[in-house]
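Scroll down for the structure; my scribbles are underneath it.
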Amino acid sequence: MRALVVCQYGGALEVMDRPIPRPGAGEVLVRVRASGLCSTDLHLLSGRQPLGELPRILGHELAGEVVELGHDVVGWQLDDRVTAAIDITCGRCRHCRSGQTQRCPTLRRIGFERDGGHAEYVTLPQANLVALPQELSYESAAILPDAVACMYHSLIHQGGLSVGHRVVILGVGGLGIHGVQIARLAGAQVLVTSRRQERLALAERYGATGVNPTRQSLEEAVAEFTAGEGADLIVDNIGTRASMRQGLTILRPDGKFLIIAYLNESFEIPSVPLFKTEQQIIGCRGSTKQDLIDVVRLVRLGQLTPVVGASYSLDRIREATARLESGDLVGRIVLTRSFDTST
Ligand SMILES: [Zn+2]
Ligand SMILES: [Zn+2]
């Protein structure tokens, strides 16, 4: 099969031939129809975030159909349309027992510590599978586990977002555009930042107020947006020292600052302002299977729209990567496959 393999850090993402994996006990083989390309894939390729053992097939969000059942698989059948929760967790620790599986200390992730979905086939544990409704396309479904479910987890669970809240989303890329929709759905007002007008325009169509920080003072815009109080919640998709420093200045006392970006940055937190304001800085790691089930339902109900900005066949990964790096894109990039058996 064709697959995107990392053989060494620092190279380009290449399509290579690999054997089709066989499902073990409790696993299924899925023919992947589409997978989401994430900027984290590029960080993993660079080695900034280690993958453990190489070679490794990347791809942590995907959709496809079940084509083979391993031993002891119950409740799944051939041709079932599925997507998959990213984390493979122990099921026994205190975090798993309380449903906070993203904190499982021994978790392994599809497309990180285990081969992922940027391939024609992938084996997946049955415990990770989530059924897809017929009306949801594979391309739309492929971006739900990360680009949509992570925003849902961050805003709703980690951020405690609620009706009337005023949210600022720093950076409205593949994740942020779904954050806008989820925040609006929860009854919040949303202000987003981007240097790209087309991204702001789409966010505004979903009900956000757009600010281009190269043309307008973010501090002034947020002061106006919140009547001088500061934001209740900030989602930092940029993840740099500068974005964090600026974010804390536009956050209200007792407001929540959500760390989303998977970058290896360090921040200095001045203690007295934090003491005085009781601001909260909160890490947000991935999503749970229940988050993914929730977003599949919201999409099926038409309350949430997966935004696919561009799709490329797996073989055109170089073009897809260049597009992702250029930032000349609104929404998420999807990598598609074509099979002889496709209907
Ligand atoms: Zn990702
Ligand atoms: Zn666990």
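Quick caveat: nothing in here was measured; it's all calculated off a predicted structure. Atoms within each ligand, like the ligands themselves, are counted from 1 in listed order.
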message: Of all the N, O or S atoms in D146, which has the shortest distance to the Zn ion (ligand 1)?
response: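 The atom in question is OD2.
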- prompt: Quick one: do R332 and D146 make a salt bridge, cutoff under 4.0 Å?
  reply: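 Yes.
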- prompt: Is any NZ, NE, NH1 or NH2 atom of the basic residue among R31 and E65 found under 4.0 Å from an Asp or Glu carboxylate oxygen of the other?
  reply: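 So R31 pairs with E65 through a salt bridge.
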field: N/O/S atom of C150 inside 2.8 Å of the Zn ion (ligand 1), strictly under
entry: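 Coordinating: no.
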message: Would you call the rings of F112 and H60 parallel, tilted or perpendicular, taking 30° and 60° as the class edges?
response: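 Tilted.
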message: Test of geometry: compute the angle SG(C96)-the Zn ion (ligand 2)-SG(C93) and round it to 10°.
response: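 Once rounded, the angle between the two atoms at the Zn ion (ligand 2) is 110°.
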- request: Examine C104 and say whether one of its N/O/S atoms is closer to the Zn ion (ligand 2) than 2.8 Å.
  value: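 Yes, since at least one N, O or S atom of C104 sits under 2.8 Å from the Zn ion (ligand 2).
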message: Could you report the tightest heavy-atom contact between T106 and C90, atom names first, then the distance?
response: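 In terms of heavy atoms, the two residues are closest at OG1-CB, 3.7 Å.
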